[in-house]
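To start, the structure itself, in structure tokens.
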Amino acid sequence: MRLSQMLLPTLRETPAEAEVVSHKLLLRAGMIRKLAAGLYTWLPLGLRVLRKVEAIVRQEMDRAGAQEVLMPAIQPAELWHESGRWEKYGAELLRLQDRHQRAFCFGPTHEEVITDLARMELHSYRQLPANFYQIQTKFRDEIRPRFGLMRAREFLMKDAYSFHLNEASLMETYQVMYDTYTRIFTRLGLQFRAVRADTGSIGGSASHEFHVLADSGEDVIAFCPDSGYAANLDLAESLAPGERPAPTRNMGEVYTPGVRTISAVTICLLVPSSRTVKTLLVEGTDGGVVALVLRGDHDLNETKAARLTEVASPLTFASPERVREFTGADPGSVGPVGLQCPVFCDRAAAAIADFVCGANRDNFHLTGVNWGRDLPEPRVVDLRSVVAGDLSPDGKGKLALCRGIEVGHIFQLGTKYSAALKAEVVGEDGRPVTMEMGCYGIGVSRIVAAAIEQNNDERGIIWPVAIAPFQVALIPINMHRSIRLTEAAVRLYDELRGVGIEVLFDDRALRPGVMFTDAELVGIPYRVVMSDRGLDAGTVEYRTRRDTQSRDVPLDGIVALLREAIQNACS
RNA sequence: CGGGGUAUAGCGCAGUCUGGUAGCGCACUUGCUUUGGGAGCAAGGUGUCGGGGGUUCGAAUCCCUCUACCCCGACCA
């Protein structure tokens, strides 16, 4: 592509709206422009990257035996009523009416449509297993779209749905998809990690998320470098520490004026926070409240808490008024002793003796408190988020934490949708069988942003070669003043294109500095600089985006050199 | 939806407190010079000051209202 023929509106300054680096660079590199909150236009350069990601995803899905389909973006409300999600999905579902006032939605996902297709078209177990996918625009009316492409409302997603006669077949395809995702993210040139994930509201048994590792990621991943265990923080189990020591002290009440936080308690009473306990009250399902007890140095994991049937969903903290109603004290002075509501205690908090807690009386704390003696043995559950250094749940080492961007998610759905929509086939024995389903998503447009989050420097984007919009930036210096150089540059441009290399030919009559800066900002992996000086010596300058120095290479060897470099980078 | 903030030229911003008819940098246009890391000089164009209403002789500036966008919390690819 000749740069003079391309819309590439690079920006020297960062638009004020951008917060995260991928958003800033996508705007500055002239790849996207915002139309409205969470809605972006893909400009030519950005679209090339999106298409490359798409192509790799498509190739690998095809290789895995999945069949591509394309379903409507707009879906009739009836299907969503059938699955029960018209009511459940909430405000994120963009609802529409046509001219006859019939209800539709803009699909945020396609379980209903694909299951409808499956019940219409799949009749016999002989047609199973089957795996269908599409690459399509979704819309989720996010409460707060942000971070540019990272959390847009409209986004491009690859979603796949598999259908099976039984669970064994589902597990088999699930594993194939797991392996396929691993291939995809490897080919994309991204550092990633597959982690066990919460199945959440979608239901089903097993689930894995694929995260691109980046410090700016919104998700926290717990992993064990020794055993390979990796899980979303919401799923990573915190193991019980050892046996609880025997009580050595008697319980006593102390006056602690103005002490309302754990850190204040540790200072006031000179105890480590690991010997204190905090008690959080949340709304319960029965109209009362539920107490959640954690060690002072630990944090509540809200996802884990929300899994308790006694806890109202969504998880809601009791208001200060409610806290006073049930405990007679300020939220800062609540403790588990004498509480007249269900008490759930985290494993770690249940394993300490002689601890400090609120006295359920303003400005008083209790010391030397012991479970089973001063208050009933609590119901012990896993409530806290793991922290770095915790034992791995598989018992084979210690956990570390890192941050990631969720770019893929695979689920075993089971029969949730097939049962609701009555998607059945006739089995071998002639009886109807409700199909088992799996579903497998990849955030295609999010990958573009995630790749930038992971690969950038102060000069701009550094694309992995596999998804770079162009592989080579060809920059002739002062070409417009040298016919000889123009001819040589065009010759090399044609030659590179002839061997299938994607070249961005900067034929603009600009100063070299501008061309260099643009090529680096948009992140082209390889740069070839040509000049009259170089022609005299029969050389061009070559350097990769990550290099700080270029080197002269013979003009007649540059094509082979680039071919090899690109091939190595993509294999 | 709750909390915080912003809206002035294509982009980044000043001007708003204290009302007097809009400015800076970059970008853009033309010319000359320059030409290996975002050139210099000269000339030039650019605005419903987010919308509506009000106060005032006069509003970017004060008041009311609406809207859009951004940031912090719950959702998710």
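Because the structure is predicted, anything quoted here is derived from the model rather than measured. Here is the naming used below: chain letters follow the sequence lines, and residue numbers restart at 1 for every chain.
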Between R307(A) and N301(A), do the side chains contain a donor N or O and an acceptor N or O under 3.5 Å apart? no
Taking the P atom of each, how far is rU8(B) from rG4(B), in whole Å? 22 Å
Set of residues satisfying side chain to side chain donor-acceptor pair (under 3.5 Å) with respect to S4(A), sequence neighbours excluded: D507(A)
How many angstroms lie between atom CZ of R193(A) and atom CZ of F223(A), to the nearest 0.5 angstrom? 4.5 Å
Ignoring the backbone of H409(A), work out which of rC69(B), rA77(B), rC75(B) is nearest its side chain. rA77(B)
Any chance the side chains of H298(A) and K278(A) put a donor and an acceptor closer than 3.5 Å? no
Working to the nearest 0.5 Å, report the span between CD1 of I447(A) and CD of E54(A). 10.5 Å
With rounding to whole Å, what would you report as the distance between rC41(B) and rG37(B) at their C1' atoms? 22 Å
Is there, by distance only and without an angle test, a donor paired with an acceptor across the side chain of E520(A) and the base of rG38(B) below 3.5 Å? no
Once you apply a heavy-atom cut-off of 4.0 Å, does A152(A) come out as touching a base, just sugar-phosphate, or nothing? base
Under a 3.5 Å cut-off for both contacts, is rC76(B) paired Watson-Crick or G-U wobble with anything, and if yes, with which nucleotide? none
When we call it a touch if two heavy atoms are under 4.0 Å apart, what does E17(A) touch: a base, just sugar-phosphate, or nothing? sugar-phosphate
Does the side chain of R511(A) get closer than 4.0 angstrom to OP1 or OP2 of rA39(B) through an N or O atom? yes
Among the nucleotides rA77(B), rG37(B), rC75(B), whichever has the atom closest to the side chain of R527(A) is rG37(B)
At 4.0 Å (heavy atoms only), tell me whether D219(A) reaches a base, stays on the sugar-phosphate, or touches nothing. base
Reckon D518(A) touches a base, only the sugar-phosphate, or nothing at all at heavy-atom distances under 4.0 Å? base
Using purine N1 to pyrimidine N3 plus N6-O4 or O6-N4 for Watson-Crick, or N1-O2 and O6-N3 for G-U wobble, both under 3.5 Å, which nucleotide pairs with rA42(B)? rU30(B)
Mind checking who rA7(B) pairs with, Watson-Crick or G-U wobble, both distances under 3.5 Å? rU67(B)
Test item: side-chain donor near acceptor, T539(A) and D552(A), under 3.5 Å: no
Starting the side chain at C-beta, find the nucleotide from rC70(B), rG12(B), rC75(B) nearest to A37(A). rC70(B)
If the C1' atom of rG19(B) is compared with that of rC1(B), how far apart are they to the nearest Å? 38 Å
Checking only heavy atoms, does the side chain of R543(A) share a donor-acceptor pair with the base of rG37(B) at less than 3.5 Å? yes
Does a side chain donor of either Y417(A) or R85(A) reach within less than 3.5 Å of an acceptor in the other side chain? yes
Where the side chain of E13(A) is defined as all heavy atoms beyond and including C-beta, which of rG25(B), rC75(B), rG38(B) is the nearest nucleotide? rG25(B)
Closest to the 5' end of RNA chain B, once E19(A) and T14(A) are matched to their nearest nucleotides, is T14(A)
Kindly point out which of rG37(B), rC70(B), rA77(B) is positioned nearest to the side chain of K34(A)? rC70(B)
Please work out if V514(A) contacts a base, only the sugar-phosphate, or nothing of the nucleic acid, heavy-atom cut-off 4.0 Å. base
Could you tell me how far rA7(B) sits from rU48(B) if I compare only their C1' atoms? Round to whole Å. 14 Å
Protein-nucleotide distance (N232(A), atom CG; rA77(B), atom C1'), rounded to Å: 14 Å
Does the structure show a Watson-Crick or G-U wobble partner for rC62(B), both distances under 3.5 Å? Name it, or say none. rG54(B)
Polar contact flag, side-chain donor to acceptor under 3.5 angstrom, T180(A)-E60(A): no
E142(A) atom CD is separated from rC71(B) atom P, nearest whole Å, by 13 Å
Any R33(A) side-chain nitrogen or oxygen under 4.0 Å from OP1 or OP2 of rG10(B): no
Answer with base, sugar-phosphate or nothing: what part of the nucleic acid does T109(A) contact at a heavy-atom distance below 4.0 Å? nothing
F516(A) on top of rG36(B)'s base, within under 5.5 Å and under 30°? no
Would you mind reporting whether Q549(A) and R543(A) have side-chain heavy atoms less than 4.5 Å apart? no
Test for a donor-acceptor pair under 3.5 Å between the base of rC76(B) and the side chain of R144(A), counting only N and O atoms. no
Suppose you measure atom P in rC63(B) against the same atom in rC76(B); what distance do you get, rounded to whole Å? 42 Å
CZ of R151(A) versus C1' of rC76(B): gap in Å, rounded? 6 Å
Is the closest side-chain heavy-atom distance between M530(A) and M479(A) below 4.5 Å? no
Is it the case that rC11(B) (base atoms only) and R12(A) (side chain only) share a donor and an acceptor within less than 3.5 Å, ignoring hydrogens and angles? no
Spacing of the C1' atoms in rA27(B) and rU46(B) (rounded, Å): 11 Å
Does R146(A) put a side-chain nitrogen or oxygen below 4.0 Å from OP1 or OP2 of rG73(B)? yes
Which letters describe nucleotides 47-52 of chain B, given B = protein heavy atom under 4.0 Å from base, S = only from sugar-phosphate, - = neither? ------
Could you work out which one of rC69(B), rA77(B), rC76(B) sits closest to the side chain of F155(A)? rA77(B)
Under 4.0 angstrom, heavy atoms only, what part of the nucleic acid is E541(A) near: base, sugar-phosphate, or nothing? base
